[in-house]
Amino acid sequence: MTPKNLTSAAAVFLLLLVVCSATSTGPRTHHHHHRRLPCKRMIFYFHDILYNGHNSENATATIVGAPAWGNTTILAGKNHFGNVVVFDDPITLDNNLHSPPVGRAQGFYLYDKKDIFTAWLGFSFVFNSTDHKGTINFAGADPLMNKTRDISVIGGTGDFFMTRGMATLSTDAFEGEVYFRLRADIRLYECW
Ligand SMILES: *[C@@H]1O[C@H](CO)[C@@H](O)[C@H](O)[C@H]1NC(C)=O
Ligand SMILES: *[C@@H]1O[C@H](CO)[C@@H](O)[C@H](O)[C@H]1NC(C)=O
Ligand SMILES: *[C@@H]1O[C@H](CO)[C@@H](O)[C@H](O)[C@H]1NC(C)=O
Ligand SMILES: *[C@@H]1O[C@H](CO)[C@@H](O)[C@H](O)[C@H]1NC(C)=O
């Protein structure tokens, strides 16, 4: 190597060092800026058939709380404000109520605004199949008039140990006050 070549080789080496140390400044800070891409994405449907006094054989949800002006058979006036519903809904891979369920959506929703339809959801997807074993836990505001609503994936167990992420809900069907079907587009950002 000529001295000139040596100096340029040294310069390239130095440059590499600088670049390497610049990009590796603290994996901690880097961690906060990682790209917002989900590590897992899944789409499910769940089906809610609300008990109305006549459908006890196939109801999957029931009113357990009502405001003073209502009762636990029929959702109350004033946008159902104050009603609390407990559900155990089948989860399917497509939007057909009669498709084989792959799990259960279990939890509650409560209506929490007098002047518009809006609810709060707290529930788990419970899986015990060959594809998935474990639970995914969800919580968040569900402003029903929004075409899509984002709720938090706050944790999980089993196959979904320690998971976190987001679920975008949309109402795929709504039939009176007896049946509705939600589409859940789940994006997990922490997978173990
Ligand atoms: C509930 O079951 C009855 C009897 O099988 C059926 O006629 C009705 O359509 C079912 N309701 C829903 C929402 O599937
Ligand atoms: C419940 O309230 C509805 C009206 O909001 C009424 O039609 C129905 O009879 C009530 N049912 C009972 C069991 O009180
Ligand atoms: C899951 O399914 C297996 C096999 O059917 C059963 O033995 C087990 O008790 C189930 N676990 C839960 C938590 O339901
Ligand atoms: C509801 O929709 C509005 C406007 O499209 C949006 O800004 C808001 O984030 C949505 N709320 C939820 C909980 O998704």
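Counting starts at 1 for both ligands and their atoms, following the listed order. Note that this is a predicted model, so its numbers are computed, not measured. Values below: all heavy atoms of this structure, side chains included; hydrogens, waters and symmetry mates excluded.
- The shortest N or O to N or O distance between N71 and ligand 2 is under 3.5 Å.
- Of all protein heavy atoms, the one closest to atom 12 (C) of ligand 3 is N128 ND2, 3.2 Å.
- From N146, atom CG reaches atom CZ of F117 across 14.5 Å, with rounding to the nearest 0.5 Å.
- The protein does not reach atom 9 (O) of ligand 3 closely, with no heavy atom under 4.0 angstrom from it.
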### Task
Give the intermediate values and the outcome of ring-ring contact (aromatic ring centres under 6.0 Å, His included) for residues F160 and H132.
CA-CA 9 Å; F160 305 100; H132 304 294; 5.5 Å; yes
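- Using a 30° and 60° split on the angle between ring planes, F161 and W192 fall in the perpendicular class, above 60°.
- Checking atom 5 (O) of ligand 2 against the protein gives no heavy-atom contact under 4.0 Å.
- In this structure, CG in L110 is found 13.0 Å from NE2 in H80, a value given to the nearest 0.5 Å.
- Ring-plane geometry between F125 and F123 is classed as tilted, the angle between the planes lying from 30 to 60 degrees on a 0 to 90 degree scale.
- Distances from atom 2 (O) of ligand 2 to the protein include at least one heavy-atom value under 4.0 Å.
- In this structure, atom 14 (O) of ligand 3 has a protein heavy-atom contact shorter than 4.0 Å.
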